[in-house]
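In what follows, every chain begins at residue 1, and chains take the letters A, B, ... in the order their sequences are listed. All values derive from a computational prediction rather than experimental measurement.
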2 protein chains.
Amino acid sequence: MYSDSEENYLKAIFHLERFAEEGVTTNAIAEQMQTKASSVTDMLKKLSDKKLVNYIKYQGVTLTNQGKKTAAAIIRKHRLWEVFLVEKLDFSWDEVHEIAEQLEHIESDLLIEKLDKHLDFPKFDPHGDPIPSKEGTFPERDKVLLSEMKVGETGVCVGVKDTSSSFLKYLDKNGIALGKKIEVLEHEEFDDSLHIQLGSATMVISHMIASNLYLKTN
Amino acid sequence: MYSDSEENYLKAIFHLERFAEEGVTTNAIAEQMQTKASSVTDMLKKLSDKKLVNYIKYQGVTLTNQGKKTAAAIIRKHRLWEVFLVEKLDFSWDEVHEIAEQLEHIESDLLIEKLDKHLDFPKFDPHGDPIPSKEGTFPERDKVLLSEMKVGETGVCVGVKDTSSSFLKYLDKNGIALGKKIEVLEHEEFDDSLHIQLGSATMVISHMIASNLYLKTN
DNA sequence: AAATAAATTTAGACAAGACTAAAAAAGTAA
DNA sequence: TTACTTTTTTAGTCTTGTCTAAATTTATTT
Ligand SMILES: [Mn+2]
Ligand SMILES: [Mn+2]
Ligand SMILES: [Mn+2]
Ligand SMILES: [Mn+2]
């Protein structure tokens, strides 16, 4: 239906649109996609011709409904494959993104339906990101950054903001994983580091870390 | 490493090479790939530059060792994915080829290693075709076409020669599947049809069918 | 309101992979 | 051996997706 490149642009615009109040800018897309602004302009014209984006010269783009639906479908595939890689093939959560980037372009509705069933209809991927339904709606979940929690509060890890390999490996090394319970014991004013209770252990965590970890508080 | 198109050409040449005494001809490749002879010539030059084929103008091509190794790796991926689709996702054997055609181009050695393990290191795909090892060697298996068996002989279905959806569906409909035991009861001289014993049932099978079904005789 | 800077688009080029039409080589028949 | 046929290659074109360099538009300063 759509080329890999077109799909990647749609995905990039979709992600950028959530933080943009106006249209998404050419430069923002170029940076996200690691490409040149002129290449972006070329592609925006093509996507516009195909009614996937609303594009007015010099004014950035927004996705059309068709564009949003298509982007959601690609994200759905990406995240389902990530679940597969971690749950079934025993990959660790820092290894799956690049492979999912390829797998997300495999074209077969039946395949995704069967994969979804095989994985028992997961709602969140290995990084805690929501998996959109076939219809394109994203499951919501209350979550808050660890850095925004007050001393004495308790929560369960449900996601990461930064999904870089180095951050995920740091969490692994320190025994922090999705599903783990954390209590904020103490807040260090000087550098905003936190003392936390993790299972039976207690540890100190920098603000950098705490501001990239999502918890669900009850 | 190599583009999807290059990989597809290598695969086509690999399959054609097994029935060609001389080099594989341009026209044969064009037919196999559903493309034009001129496109084939273009690609043969590229593959030759990359030392994947031995190509002399007007004399057809053969794969180099590097070409053979690469082709085997792609076939390995294709067939492992087919096993996955049938064994884990519950596809039927007539639905998997097109999807495997896409999945075979996913690039990750680790993925294939883990998939292989997940599937418990299968040696044959859902159609009975051998899955080459990581090193590129194909497992052998004694097998004979049902049409070449003598009256009274017994064997177990281990593969199909024709893998078209219509043939596979015919087999499904008639309860013929890999692993099933078949005995040749009678040979009809007039049209070479066969009366066979399949489990507790007896049935008549045309020569067309019998000459596309491989059995292992003990 | 100019002048300057930044963002964006256009123009022109290139590589990959395909095609058509024409030329060249190889094979076959008279 | 010459004529005809088939196969293969070459020449030139097209599309997709990318790039650089230049032009244009928009935004920000003085
Ligand atoms: Mn990812
Ligand atoms: Mn993810
Ligand atoms: Mn197949
Ligand atoms: Mn097969």
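Among residues two or more places apart in sequence or in another chain, the ring-ring contact (aromatic ring centres under 6.0 Å, His included) test is passed with A:His118 by none. The ring-ring contact (aromatic ring centres under 6.0 Å, His included) check on B:Tyr9 picks up nothing, with sequence neighbours excluded. Remark: A:Lys114 engages no residue in a salt bridge (Lys or Arg N to Asp or Glu O under 4.0 Å) (not counting sequence neighbours).
A side-chain hydrogen bond (donor to acceptor under 3.5 Å, both in side chains) check over residues 124-144 of chain A, counting only residues at least two apart or in different chains, returns the pairs A:Glu82-A:His127, A:Ser133-A:Glu135, A:Ser133-A:Thr137. Applying the ring-ring contact (aromatic ring centres under 6.0 Å, His included) rule to pairs touching residues 14-38 of chain A yields A:Phe14-A:Phe138, sequence neighbours excluded. Residues in residues 42-57 of chain B take part in these side-chain hydrogen bond (donor to acceptor under 3.5 Å, both in side chains) pairs, two or more places apart or across chains: B:Glu6-B:Lys50, B:Asn54-B:Thr62. Within the structure, salt bridge (charged side-chain N to carboxylate O under 4.0 Å, His left out) pairs that include any residue of residues 14-35 of chain A do not occur (at least two apart or interchain). Applying the ring-ring contact (aromatic ring centres under 6.0 Å, His included) test to every pair with at least one member in residues 62-88 of chain B, sequence neighbours left out, gives these pairs: A:Phe84-B:Phe84, B:His78-B:His97, B:Trp81-B:Phe84.
Nearest nucleotide to the B:Ser38 side chain, out of D:dT18, C:dA21, C:dT9: C:dA21.
Using a 4.0 Å heavy-atom cutoff across all strands shown, B:Thr41 reaches at least one base atom of the nucleic acid.
For the pair B:Asp42 CG and D:dT10 P, the interatomic distance rounds to 9 Å; values are reported in whole Å.
A donor and an acceptor atom, one from each side chain of A:Asn27 and A:Thr25, are nowhere located under 3.5 Å apart.
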Q | Watson-Crick and G-U pairing of DNA chain C, under 3.5 Å, as dot-bracket with | and [ ] | A | ||||||||||||||||||||||||||||||
Got a list of protein N/O to nucleotides 22-25 of chain D N/O distances below 3.5 Å?
residue: D:dT25; atom: O4'; partner: A:Tyr58; partner atom: OH; Å: 3.3

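Against DNA chain D, the stretch residues 7-24 of chain B makes no heavy-atom approach under 4.0 Å. Within residues 45-57 of chain B, the residues having any heavy atom closer than 4.0 Å to DNA chain C are, in order of number, B:Lys46.
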